[in-house]
There are 2 protein chains.
Amino acid sequence: MTIDFRVSPERYRHWRVAIDAPVATLTLDVDEAGGLVPGYELKLNSYDLGVDIELYDAVQRLRFGHPEVRTVVVTSGKDKIFSAGANIRMLAASSHSWKVNFCKFTNETRNGIEDASANSGQTYLAALNGTASGGGYELALACEHIMLVDDRSSTVSLPELPLLGVLPGTGGLTRVVDKRHVRRDLADYFSTRPEGLGGAKAVTWRLVDEVVPRPAWSETVASRAGEFAARSIRPSSATGVALTALEKKRTDDEVVYRYVSAVLDRAAGTVAITVAGPGAAAPAFADVRPLGDAFWTLAMTRELDDLILDLRTNEIELGTWLIRTEGDPARVLAYDRLLLDNRSDWLANEILLYLKRTLKRLDVTSRSIIALVEPGSCFAGSLLELLLAADRSYHLRGVFEDVDADAVPAAITVGAINDGPLPMGNGLSRLQTRFYGDDRGLAAVRAATDEPLDAEAAEALGLVTFAPDDIDWDDEVRIAVEERASFSPDALTGLEANYRFAGPETIETKIFGRLTAWQNWIFYRPNASGPDGALRRFGTGQRADFDRKRV
Amino acid sequence: MTIDFRVSPERYRHWRVAIDAPVATLTLDVDEAGGLVPGYELKLNSYDLGVDIELYDAVQRLRFGHPEVRTVVVTSGKDKIFSAGANIRMLAASSHSWKVNFCKFTNETRNGIEDASANSGQTYLAALNGTASGGGYELALACEHIMLVDDRSSTVSLPELPLLGVLPGTGGLTRVVDKRHVRRDLADYFSTRPEGLGGAKAVTWRLVDEVVPRPAWSETVASRAGEFAARSIRPSSATGVALTALEKKRTDDEVVYRYVSAVLDRAAGTVAITVAGPGAAAPAFADVRPLGDAFWTLAMTRELDDLILDLRTNEIELGTWLIRTEGDPARVLAYDRLLLDNRSDWLANEILLYLKRTLKRLDVTSRSIIALVEPGSCFAGSLLELLLAADRSYHLRGVFEDVDADAVPAAITVGAINDGPLPMGNGLSRLQTRFYGDDRGLAAVRAATDEPLDAEAAEALGLVTFAPDDIDWDDEVRIAVEERASFSPDALTGLEANYRFAGPETIETKIFGRLTAWQNWIFYRPNASGPDGALRRFGTGQRADFDRKRV
């Protein structure tokens with residue numbers, strides 16, 4: 001089964017979106033029979049990847065389609081239950097790689113929700129009108145403000161450890177102590193108490209921001225939503241951009257969109273990705289909104305986003321991604337400048353933030369990424385980020401004599417967009433991360449902003465890894481790709497997860513580094529996933545049989 | 001087999017220590033037949049836990065016994081090889097828990113080496129007189145300065161990924177990019193190249209600090225050692241403290257030292273640890289050196305250090321440590337003050353640093369830690385850190401009526417030592433970490449410094465988790481301990497590894513969090529440790545058979 005991440009509101013089975021500007025309400029009302037894969041029922045508003053694909057889509061559409069929305073209330077359509085979190089039977093039946101990939105996407109969606117609150121003026125408010133357990137509470141943790149109904153039975157809880165022998169791995173452990181500043185010993189107690197906590201104690205311990213009696217619920221939620229809306233600087237009278245159906249041709253061998261394409265080579269274990277620059281010169285800024293999702297940066301980002309998700313989920317044996325670009329570098333830089341010069345505009349801001357989030361997906365993608373800079377390529381500004389996100393890059397010195405002796409040698413160009421507007425999860429730009437601890441190297445690169453850099457110059461500045469000439473190119477690249485395919489896929493994942501994140505750690509990188517790495521280990525251990533493990537025994541009435549060794 | 005961490009120089013089989021003040025030379029000259037466990041030969045200066053136990057001992061003795069030593073040169077006694085790193089056959093034959101525990105101790109020793117360079121005025125210099133591979137290079141990475149002989153054959157390398165399908169997990173990946181600032185793409189290439197790099201390129205890429213031709217080797221090493229020595233403020237005429245044989249009674253049921261004791265309960269899966277305060281009032285500072293390792297803080301720390309290592313290695317099914325203290329809190333605070341008031345003295349500084357390192361061991365120990373505050377307890381100042389390191393604490397409100405109705409209710413006392421001198425790996429004190437993001441809470445605790453706090457006060461200030469009275473105490477503590485024993489040991493390890501490290505991450509916490517967590521996952525995967533995995537197939541002439549899924 002190939003998972004498709006493209007969805008649209010009229011096809012939602014699990015979420016309802018209601019807009020009453022400046023407030024939107026996202027209501028989780030899971031269709032029990034609507035699981036993405038057969039074999040489980042999505043009871044108690046529990047979710048699987050399909051539910052989360054809809055949530056991601058809804059969040060994206062609210063940002064682009066609704067400048068007038070300033071607060072998003074996330075609530076439940078069920079009685080007494082907000083959400084029981086990720087579906088246990090789904091997790092128990094899933095392969096290791098599915099579990100890991102599912103958690104990664106779920107984490108990214110929750111990070112995107114935080115990004116909206118922090119940077120879009122669209123603040124998420126969790127209105128927990130019933131119990132929020134596990135991943136349900138983790139979704140609330142990603143919101144800026146958590147309200148819990150005070151009815152003597154509704155609680156928030158993280159029952160993963162006591163009931164399932166795994167971690168609250170969708171940011172839960174990190175956000176509890178690092179974001180909400182719950183004291184570590186209280187957090188410890190809370191996370192071992194399956195029934196969770198509600199009422200005043202949940203507020204005192206900082207697990208939620210407020211508890212509200214049921215009679216005052218609707219009014220208080222509305223009032224709080226209004227308060228958050230009042231703080232936003234989103235324009236009230238702008239027109240949104242509709243995200244139209246993404247055109248995509250998908251076969252076993254290739255994935256083709258308008259600006260992005262990918263050739264899948266199953267024998268080699270590679271994907272050759274090509275990203276094309278704009279087909280025309282940058283428009284006047286006034287024409288960007290009318291262009292909508294046809295505007296190059298937005299169109300290209302949507303395609304890249306979909307491709308990353310598709311390949312990560314559906315092509316897990318294709319371990320190396322080769323990234324090429326093509327087009328006119330000057331046009332890319334002009335598109336970048338258009339966005340940067342108009343960043344105070346809500347739409348320019350949204351496009352930049354979306355590009356930022358999409359590039360962050362690359363950083364946490366467990367595939368080796370190699371950028372190839374050849375004549376005709378277009379690694380400039382926003383597209384240069386693809387090279388900076390790569391584990392390694394090769395820049396042809398000169399041209400391919402046999403192909404086109406008169407070609408213009410490839411150049412790469414650093415633009416203003418590379419120096420801050422597209423930070424990684426660690427809070428630094430990819431350039432800053434690359435030159436972490438090397439201020440002189442970074443200064444030299446900054447001094448070369450907007451200059452086309454040929455292979456010699458790019459190598460000297462430390463922007464590309466290697467600059468072989470025509471004679472060596474084929475062998476060097478081939479060996480790199482073949483070597484990559486010969487190494488342990490697990491060790492590569494670990495290597496890349498470490499080398500990609502030099503410098504400071506943030507809540508976001510801690511979630512993908514510390515928390516996720518531990519969770520992956522736990523997911524793979526028999527105490528969780530073995531036949532007698534807690535995940536598999538959940539709901540059978542039998543207790544898990546644990547190997548008691550502390551490792 | 002019970003592993004004993006106590007060793008002394010006359011019993012070393014693998015290291016030689018030569019002192020020519022202000023320089024000491026630590027020479028690695030591994031006895032191939034001297035493996036700690038049968039079944040492998042320690043060829044090419046490769047190491048196992050036994051080799052590293054000696055290194056740890058040597059580092060400790062240089063700090064305490066040799067104030068006159070300002071530079072420590074780490075070199076090899078073999079021709080052409082510095083060290084091939086951790087022994088592969090040992091790793092391949094070891095259980096998962098042994099591998100993880102071995103790496104943890106090895107990491108701690110290397111962190112201790114960095115601590116000596118940074119805080120003791122005893123700078124470590126790696127004099128690589130031959131190839132340093134894997135863990136051999138990682139040991140060099142922990143030194144302040146790396147010299148490599150330039151002989152056209154000696155290199156530094158991290159061959160773990162290409163040859164063994166695992167990570168350079170003893171700090172390697174983290175230190176390469178975060179400490180030495182090797183560019184991530186060069187680091188990627190370097191870590192996939194089993195033969196490594198030497199010569200000028202190793203310097204250009206920052207893998208080493210200098211390469212030196214063999215004819216100039218001895219002279220240059222001596223000269224560099226002298227330069228580092230000249231920067232140190234260690235006293236040249238002070239007398240060191242000998243670390244005498246640690247007296248210890250060890251049976252299957254208990255471990256008893258002078259100030260520290262532990263009762264092992266195999267049925268319950270717990271260890272009841274008691275740490276006693278000083279037996280006498282604090283001496284005058286002039287008497288501390290003559291007291292030597294009989295001085296309470298140093299004696300207690302040595303015992304605690306040994307106990308942690310013993311239990312971690314030998315008692316892996318005892319998953320919960322219950323920590324109690326006993327003694328006179330005023331005395332502990334007086335000992336603390338004595339050290340803090342004389343911190344400019346090298347010995348006071350060393351004792352504080354050693355206590356810091358030992359407490360850090362607790363933070364990365366994969367055991368649940370519960371502190372119990374009862375009448376007669378002594379959680380004050382340095383001993384309060386044990387409670388602050390715990391995952392949870394219980395403070396009896398009042399007294400045990402049946403035991404001694406006239407007892408004095410237990411109090412805990414925050415001292416100046418809790419507010420900075422004993423930072424965790426994240427660079428924050430345990431108090432700062434506990435109140436991360438809660439400045440008011442931290443300020444309130446600071447305002448209560450030196451005040452004995454009863455259960456009500458300690459709970460109100462957030463210093464203890466729960467304050468049950470006599471009636472509830474037994475049940476609450478019993479349930480907490482029983483619950484802990486019923487949970488998945490793996491999930492507990494993950495939970496604790498996340499909750500204990502709120503706030504910033506440093507090189508040290510990245511090594512124990514991000515890097516170690518990934519390595520543990522990789523160690524457990526068949527691609528490394530299965531019968532066809534890379535670790536098991538190494539040296540057989542057969543290639544590993546990898547599951548190619550990227551997870």
Side-chain angles (χ1 to χ4, degrees), chain A residues 96-97 100 161-162 165-167 173-174 177-178 181 183-185 187-189 191-192 269 316-317 319 366-367 391-393 434 436-438 462 465 483 487-491 493-495 497-500 502 505 513-515 517-522 524-525 527-528 534 546 548-551, chain B residues 96-97 100 161-162 165-167 173-174 177-178 181 183-185 187-189 191-192 269 316-317 319 366-367 391-393 434 436-438 462 465 483 487-491 493-495 497-500 502 505 513-515 517-522 524-525 527-528 534 546 548-551:
Chain A
H96 183 59
S97 58
V100 170
L161 183 136
V166 300
L167 302 183
L173 296 186
T174 311
V177 290
D178 277 279
H181 308 305
R183 231 174 57 216
R184 55 170 287 199
D185 54 340
D188 178 281
Y189 176 75
S191 310
T192 60
I316 60 179
E317 299 211 1
S366 57
R367 301 293 188 279
D391 298 299
R392 214 184 275 185
S393 53
R434 186 174 187 85
Y436 182 67
D438 178 11
T465 319
E483 269 187 2
F487 296 146
S488 159
D490 303 334
T493 294
L495 183 89
N498 280 276
Y499 278 162
R500 291 177 185 171
E505 300 259 11
R514 183 178 279 275
L515 177 56
W518 282 112
Q519 177 80 314
N520 289 0
W521 176 72
I522 291 162
Y524 202 66
R525 299 266 293 165
N527 280 342
F546 292 131
R548 300 241 52 96
K549 290 189 201 76
R550 281 296 289 255
V551 176
Chain B
H96 183 60
S97 58
V100 171
L161 183 136
V166 300
L167 301 183
L173 296 186
T174 310
V177 290
D178 277 280
H181 308 306
R183 230 174 56 217
R184 55 169 287 199
D185 54 340
D188 177 280
Y189 176 75
S191 310
T192 61
I316 60 178
E317 299 211 2
S366 57
R367 302 292 189 281
D391 298 297
R392 214 185 273 185
S393 53
R434 186 175 186 84
Y436 182 67
D438 178 11
T465 320
E483 269 187 0
F487 295 146
S488 160
D490 303 333
T493 294
L495 181 89
N498 280 278
Y499 278 162
R500 290 176 185 171
E505 300 261 9
R514 184 178 280 273
L515 177 56
W518 281 112
Q519 176 81 313
N520 289 0
W521 175 72
I522 291 161
Y524 202 67
R525 298 267 292 167
N527 280 342
F546 292 131
R548 300 240 54 95
K549 290 189 201 75
R550 283 294 291 254
V551 177

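These figures come from a predicted structure and were not determined experimentally. A note on names: the letters A, B, ... follow the listed sequences, proteins ahead of strands, and every chain is numbered from 1.
- Remark: the backbone N or O of S366(B) is paired with a side-chain donor or acceptor of R550(A) at under 3.5 angstrom.
- The greatest number of non-hydrogen atom pairs below 4.5 Å with chain B, out of V177(A), D188(A), T174(A), is found for D188(A).
- With sequence neighbours excluded, the residues that form a ring pair (Phe, Tyr, Trp, His ring centres under 6.0 Å) with Y436(B) are H181(A).
- Residues L173(A) and L495(B) have side chains in contact (heavy-atom distance under 4.5 Å, counting atoms from C-beta outward).
- Heavy atoms closer than 4.5 Å to chain B are found in the side chain of V100(A), but not in its backbone.
- A distance-only check finds no donor-acceptor pair linking the side chain of R434(A) to the backbone of R184(B) [under 3.5 Å].
- Side-chain atoms of R525(B) and H96(A), non-hydrogen and from C-beta on, do get closer than 4.5 Å to each other.
- Between chain B and the residues E483(A), R514(A), R183(A), R500(A), the most heavy-atom pairs under 4.5 angstrom are made by R514(A).
- Side chains of N498(A) and L167(B) form a contact here, defined as non-hydrogen atoms less than 4.5 Å apart.
- Proximity to chain A is absent for every atom of A534(B), based on heavy atoms less than 4.5 angstrom apart.
- A cation-pi arrangement, defined by a distance under 6.0 Å to the six-membered ring centre and an angle within 45 degrees of its axis, is absent between R392(A) and Y189(B).
- When every heavy atom of A491(A) is checked against every heavy atom of I522(B), the shortest pair comes out as CA-CD1, 3.8 Å.
- Counting heavy atoms from C-beta on, the side chains of L161(B) and S488(A) never come closer than 4.5 Å.
- The CG atom of D490(A) sits 10.5 Å away from the NZ atom of K549(B) when rounded to the nearest 0.5 Å.
- Proximity of D185(A) to D391(B): side-chain heavy atoms (C-beta onward) are nowhere separated by under 4.5 Å.
- Top candidate by heavy-atom pairs under 4.5 Å with chain A, chosen from A528(B), A497(B), G269(B), is A497(B).
- By the 4.5 Å heavy-atom criterion applied to side chains, N527(B) and P489(A) are counted as neighbours.
- For F487(A), the ring pair (Phe, Tyr, Trp, His ring centres under 6.0 Å) test picks out no residue, with sequence neighbours left out.
- The parts of A187(A) that come within reach of chain B are both its backbone and its side chain, each placing non-hydrogen atoms under 4.5 angstrom from that chain.
- Between W518(A) and N520(B) the shortest side-chain heavy-atom distance falls below 4.5 Å.
- For E317(B), the parts lying under 4.5 angstrom from a heavy atom of chain A are both the backbone and the side chain.
- Considering CG of D178(A) and OH of Y499(B), their distance stands at 10.5 Å, rounded to 0.5 Å.
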